[in-house]
Structures are given as structure tokens and as C-alpha cells.
Amino acid sequence: MKNLVVFLLFVNLNTFAQISSSKTENVFVVTIDGIRWQEIFKGADEDIINDSRFTSNPGLSRLMYYDSSATESRKKLLPFFWNVIQNKGRLYGNKQYDNKLRVANSYKFSYPGYNEMLTGYPDIHVNSNEKIDNVNINVLEFLNSFDEFKNRVVAFTSWNIFPYILNKSRSGFPLYSGYDSIDHDGNINIEMFNKLQEYINSEKTDTREDKLTFIAAFQYIKAHKPKVAFISLGESDEDAHAGQYDKYLQHLNEADNMIQALWYFIQSVPEYKDKTTILITTDHGRGRRSKKWTDHDIMVKGSGDAWLAIIGPDTVPGGEIQLPQKHYQKQIAATIANLLGYHFIANHPVAKPIDFTN
């Protein structure tokens, strides 16, 4: 019965879901799991980076990622964010200016966070990280239901729980999670990537190395030119839970480099140049204080603090937004659809999109 309801919903979408034209023809969403707003807007935390319990070589980590000036420290850690997005896009969530991006779900961990982000609905019944198919419709499958996007939507994720979050058995678009092999269609680079993954046996965990996730996504994007791509990186959250602040910073810095490479490619090919928006965010925050930074859940203050960065042809450049505002993670799903000129309709309530034009 649930599948019939979803089918009937999608059958009628074309009659009222398209709302406007926009310059954005393609949207890429990149998530970096469990990154605090503090590192995004203030750079490396002085107390944590100097604490040998969390940083194996404080002197080297400071040299690579830290400066006594927060402005310089964040630029050192995230050069693409603060040299390119700051000048051509927008960044939301700096609580120093009472600018907030809040997690609306009650739980403040990953499955509920990604459900909220991609369905627009902080469902109280989504309350674990278990391998349970999500009944809520996500914006990726919604877009894939239209002829314009059919077979032009794809997802690559480091964490292997996404086939359940995005309900792979129902959603109908390619989804490669964990150490999944990629359909190569004779593409030698993708075929070689699959062979590389086969050699990784003893170290395989629930979360694939982010570099591998990005390489897979990048090769697929170059070969197939999807219109909507979701790329989710996950190592940073594992680093934090392990109390390894130096690795957390390293993987955040590497994520910035990957996003820069993706943006450079986008601006170098006619299918994407000046037609593509990249939206970057996280699924949850984590503890505010140096002793609690490793943790996040309903009981840890700071777990509901997120952030968002965006750059693209329909985003009026504003850099770091310093106005008192409050947005929610649940608005991101409708925002993705809205950027492409669609009104996201689902089998549940959907929060309104964020406006990047004023």
C-alpha cells in the first residue's frame, strides 16, 4: 500500500511541481559528516589542538592548520571556503553573529540528520542508525521522477547506511555506498577504480575512505555528466568519535581540497559552467566544549548546531552571513528542488526552502 501511495504521488507531480526557471540546471550536494560550526568559522580550536590527548603532534598540527587569528586560521584549514565561497557564495551558521542553522530532529545523530536534510521532514520515528528502509520520500528520488532528471541523479557515500536512508530499493537512481563497485560501462578509469577497491580487504569498515568516495564520484561525473549528485564524506565523524582531532582536521582540509577540485571541473566544462550550484553542509554538530567535542546526541549541547555553504549562479554573493537569522536543516531538501525550479512534494510535510537572493 505504501508503494502504491508513492507511485500515485509521483504520477501527478508534473502537474504542479515545476514552479519557475532558474540559471541553475545542476545541483551537487556535498556533506561532511559531524563537522562543528566552530572549525568552519573560527578554524582549529586552540585548546583541542594543543591537547595531547586529542592531537598526537600538536606542533605539526598547529603549523599545518592553526593561526592565532581566527580569520587566518579558518583560511589555513579551509582555503576554498574562505578564498572562493567567501567571495562568490554564502556561508551560514556562524553563531558569533547569531546566525544559526539548526538541526530540527530530536536526536542529533546521522540517520535522523540525513533523513531531515534530504526529505525535509524531521520524522520523530527515524530514531536510530539501524539498517531500516526509510519510508519518507527524499528529494533525490523526487527529482529522478521527472524526465528532465531521469537517469541523471546519482549518490556516492562513504557510509554504507545510505542505501537505507535513501531507500535504494525504491528510489530508482544509482547509489554507491561503502565499498560498492561502480557500473563502469566500459570506462577504463571506473573499471580500474573497482579493481583498486578489491585489494582493500582487511581495512574495510562501514565507512569507506573519503578519498575513494570522491574519486569514484569524480570519475562518474566526468563520464556521465549527471544533473544532480549527492556526495557524502564520513571519515571526519569517525575521527571525532575516536578523539583524534588532528585526523579530524586533516580530513576536513582534504574535503575542502576535493570540493575545490570539483568546482574547478564544473567551471571548466560547458555542461556545468555557470549552470551549477554546489551546496555543502553537515548532518549534525557536536559538543561545544573541548572535553565534549567528540560526542553528539540529544544530551550534548552543540549537537544541533550545523552550517551551510553555497555557491552557484542563483546565489547572490554575500560571503559570511553576519545577520541574526535562524534556518533549519529540514529546509535543505526543498532548497535543492527550488534551485532547479521545482517545488518538492512528498508523502509527508516538507519545510520551505532557503532564499539565497537577498
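Small disclaimer: the values here were computed from a predicted structure and weren't measured.
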Quiz item: Taking a hydrophobic cluster as the set of Ile, Leu, Val, Met, Phe, Trp and Tyr residues connected by side-chain heavy atoms closer than 4.5 Å, whether directly or through intermediates, do Ile124 and Tyr164 fall within one such cluster?
Solution: no

Quiz prompt | Shared hydrophobic cluster for Phe344 and Met117 (ILVMFWY, side-chain gaps under 4.5 Å) | solution = yes

Quiz item: For Lys88 and Pro317, which heavy atoms make the closest approach, and how far apart are they?
Solution: O-CG, 3.8 Å

Quiz item: Do Asp185 and Asn187 have side-chain N/O donor and acceptor atoms under 3.5 Å apart?
Solution: no

Quiz item: Does a side-chain N-to-carboxylate-O contact under 4.0 Å join Glu39 and Arg36?
Solution: yes

Exercise. Examine distances only and state if a side-chain atom of Arg286 and a backbone atom of Thr294 form a donor-acceptor pair shorter than 3.5 Å.
Key: yes

Quiz prompt | NZ or CZ of Lys222 within 45° of Phe218 ring axis and under 6.0 Å | solution = yes

Exercise. Provide the closest heavy-atom pair for Asn115 versus Asn134 in the form atom of the first, atom of the second, distance.
Key: OD1-ND2, 2.8 Å

Exercise. Hey, could you give me the CH2/NE2 distance between Trp293 and His241, rounded to the nearest 0.5 Å?
Key: 10.0 Å

Quiz item: Short question: side chain of Gln86, backbone of Asn83 - any donor-acceptor pair under 3.5 Å?
Solution: no

Quiz prompt | With Lys100 via side chain to side chain donor-acceptor pair (under 3.5 Å) - residues at least two apart | solution = Asp98

Quiz item: Do Tyr92 and Phe356 make the cut of ring centroids closer than 6.0 angstrom?
Solution: yes

Quiz prompt | Over all atoms of both residues, closest heavy-atom pair of Ser303 and His296 | solution = OG-CA, 3.1 Å

Quiz item: Any chance the side chains of Thr157 and Ser177 put a donor and an acceptor closer than 3.5 Å?
Solution: yes

Exercise. Only one of Phe28, Tyr179, Tyr220 passes ring pair (Phe, Tyr, Trp, His ring centres under 6.0 Å) with Phe156; say which it is.
Key: Tyr220

Quiz prompt | Trp37 and Phe41 aromatic ring geometry - parallel, tilted or perpendicular at 30°/60° bounds | solution = tilted

Exercise. Determine whether the side chains of Ser158 and Thr207 contain a donor N or O and an acceptor N or O closer than 3.5 Å.
Key: no

Quiz prompt | SB check Asp295 Lys292 (cutoff 4.0 Å) | solution = yes

Quiz item: Can you tell me if Lys76 uses its side chain to pair, donor with acceptor, with the backbone of Tyr66 under 3.5 Å?
Solution: yes

Quiz item: Is there a path from Phe173 to Ile336 through hydrophobic residues (I, L, V, M, F, W, Y) whose side chains come within less than 4.5 Å of each other?
Solution: yes

Exercise. Establish, from distance only, whether the side-chain atoms of Ser110 and Asn129 form a donor-acceptor pair under 3.5 Å.
Key: no

Exercise. Keeping the roles fixed (side chain from Asn87, backbone from Val84), state whether a donor-acceptor pair exists under 3.5 Å.
Key: no

Self-check item: Passing option when Lys23 is tested against Asp274, Thr276, Asp314 for side-chain contact (heavy atoms from CB on, under 4.5 Å)
Solution: Asp314

Exercise. Mind listing the closest non-hydrogen atom pair of Ser171 and Asn138 along with its distance?
Key: CB-ND2, 4.5 Å

Practice problem: Verify salt bridge (charged side-chain N to carboxylate O under 4.0 Å, His left out) between Asp305 and Arg102, making sure each step is shown before the conclusion. | Solution: CA-CA 5 Å; Asp305 298 328; Arg102 293 286 299 163; 2.4 Å; yes

Quiz item: Does the side chain of Glu148 come under 3.5 Å of the side chain of Tyr342 through a donor N or O and an acceptor N or O?
Solution: yes

Quiz item: With distance as the sole test, does His348 use its side chain to make a donor-acceptor pair with the main-chain N or O of Ile137 at under 3.5 Å?
Solution: yes

Quiz item: Regarding Asn347 and Asn136, is there a side-chain donor-to-acceptor distance under 3.5 Å anywhere?
Solution: no

Quiz item: Do Phe54 and Tyr248 have their ring centres less than 6.0 Å from each other?
Solution: no

Quiz item: Just wondering, more than 12 heavy atoms not from Lys168 lying within 6.0 Å of its NZ?
Solution: yes

Quiz item: Taking the side chain from His327 and the backbone from Ile354, do they hold a donor-acceptor pair closer than 3.5 Å?
Solution: no

Quiz item: Do we see a donor-acceptor contact under 3.5 Å between the side chains of Ser61 and Asp246?
Solution: no

Exercise. Keeping the roles fixed (side chain from Asp256, backbone from Phe81), state whether a donor-acceptor pair exists under 3.5 Å.
Key: yes

Exercise. May I ask you to decide whether Arg74 forms a salt bridge with Asp67, counting only side-chain N to carboxylate O separations under 4.0 Å?
Key: no

Quiz item: Hey, does the Lys NZ or Arg CZ of Lys211 hover above the aromatic six-ring of Phe214, less than 6.0 Å from the centre and inside 45° of the axis?
Solution: no

Quiz item: Which atoms form the tightest heavy-atom contact between Pro353 and Thr335, and what is the distance?
Solution: CA-OG1, 3.4 Å

Quiz prompt | Any donor-acceptor N/O pair, Asn105 side chain to Lys108 backbone, under 3.5 Å | solution = yes

Self-check item: Phe146-Phe142 aromatic ring centre distance below 6.0 Å
Solution: yes

Quiz item: Is Val126 linked to Ile332 within one hydrophobic cluster, defined over Ile, Leu, Val, Met, Phe, Trp and Tyr using a side-chain heavy-atom separation of less than 4.5 Å?
Solution: yes

Quiz item: Is it the case that more than 12 heavy atoms not belonging to Arg289 sit under 6.0 Å from its CZ atom?
Solution: no

Quiz prompt | Point-to-point distance, once rounded to the nearest 0.5 Å, from CG of Asp239 to CG of Leu249 | solution = 9.0 Å

Exercise. Tell me yes or no: between the side chains of Arg208 and Thr213, is some donor less than 3.5 Å from an acceptor?
Key: yes

Self-check item: Ser169 versus Asp133, closest heavy-atom pair with distance
Solution: OG-OD2, 3.6 Å

Self-check item: In one Ile/Leu/Val/Met/Phe/Trp/Tyr side-chain cluster, 4.5 Å: Val29, Ile32
Solution: no

Self-check item: Lys225, NZ: over 12 other non-hydrogen atoms inside 6.0 angstrom
Solution: yes

Quiz item: Do other residues, nucleotides or ligands put more than 12 heavy atoms under 6.0 Å from the NZ atom of Lys150?
Solution: yes

Quiz item: With a 6.0 Å cut-off on ring centres, are Phe109 and Tyr114 close enough?
Solution: no

Practice problem: For the pair Asn99 (side chain) and Lys95 (backbone), establish whether a donor and an acceptor sit closer than 3.5 Å, ignoring hydrogens and angles. | Solution: no

Quiz item: Okay, side chain of Ser236, backbone of Asp33: is any donor-acceptor separation there less than 3.5 Å?
Solution: yes

